[in-house]
Asks: 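I'd like to ask you about the structure that follows.
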Amino acid sequence: MRIVLTGGGTGGHVTPFEPIVEAIRQAYPTEQAQLPGRVDPAELTIQFLGVADETTREFFARLDVGVVNIPSGRVRRYASSATIF
């Protein structure tokens, strides 16, 4: 089973993932029998996809969660030449 976590912006978007990851890992062994046939019950993979700075990478490394950086720009709600770049 593959689970993807995502978020972006500030560090506040990743801290709620710690109890979620722990709950998934605790429930997974007992819930494997209820998974659909298309899901491989032998493997649990959790990854974070989003803007990943060094702090975010360290946080998820501690939880043994893979990180895929998706660089993105800021959406400014005002006129700025930086929005174009």
Asks: Decide yes or no on side chain to side chain contact (heavy atoms under 4.5 Å, CB included) for Leu5 and Val21, but give the supporting numbers first.
Replies: CA-CA 9 Å; Leu5 308 171; Val21 168; 3.7 Å; yes

Asks: For Thr45 and Gln47: C-alpha separation, side-chain torsions, deciding distance, then whether side-chain hydrogen bond (donor to acceptor under 3.5 Å, both in side chains) applies.
Replies: CA-CA 7 Å; Thr45 304; Gln47 287 193 317; over 6 Å; no

Asks: Quick one: does Ile24's side chain get under 4.5 Å of Leu44's, heavy atoms only?
Replies: yes

Asks: If hydrophobic clusters are built from ILVMFWY residues whose side chains come within less than 4.5 Å, do Ile70 and Phe48 share one?
Replies: no

Asks: Which heavy atom of Glu43 sits nearest a heavy atom of Tyr28, and at what distance?
Replies: O-OH, 3.2 Å

Asks: Quick one: does any side-chain atom of Thr6 pair with a main-chain N or O of Leu49 as donor and acceptor, under 3.5 Å?
Replies: yes

Asks: Starting from Ile20, can I reach Ile3 by hopping between I/L/V/M/F/W/Y residues whose side chains sit under 4.5 Å apart?
Replies: yes

Asks: Just do the side chain to side chain contact (heavy atoms under 4.5 Å, CB included) check on Arg25 and Asp64 with the steps written out, would you?
Replies: CA-CA 11 Å; Arg25 288 198 174 128; Asp64 193 28; 4.2 Å; yes

Asks: Hey, what's the ring geometry for Phe60 with Phe17, parallel, tilted or perpendicular (30° and 60° as the breaks)?
Replies: tilted

Asks: Does Arg2, at its CZ atom, have more than 12 non-hydrogen atoms belonging to other residues, nucleotides or ligands within less than 6.0 Å?
Replies: no

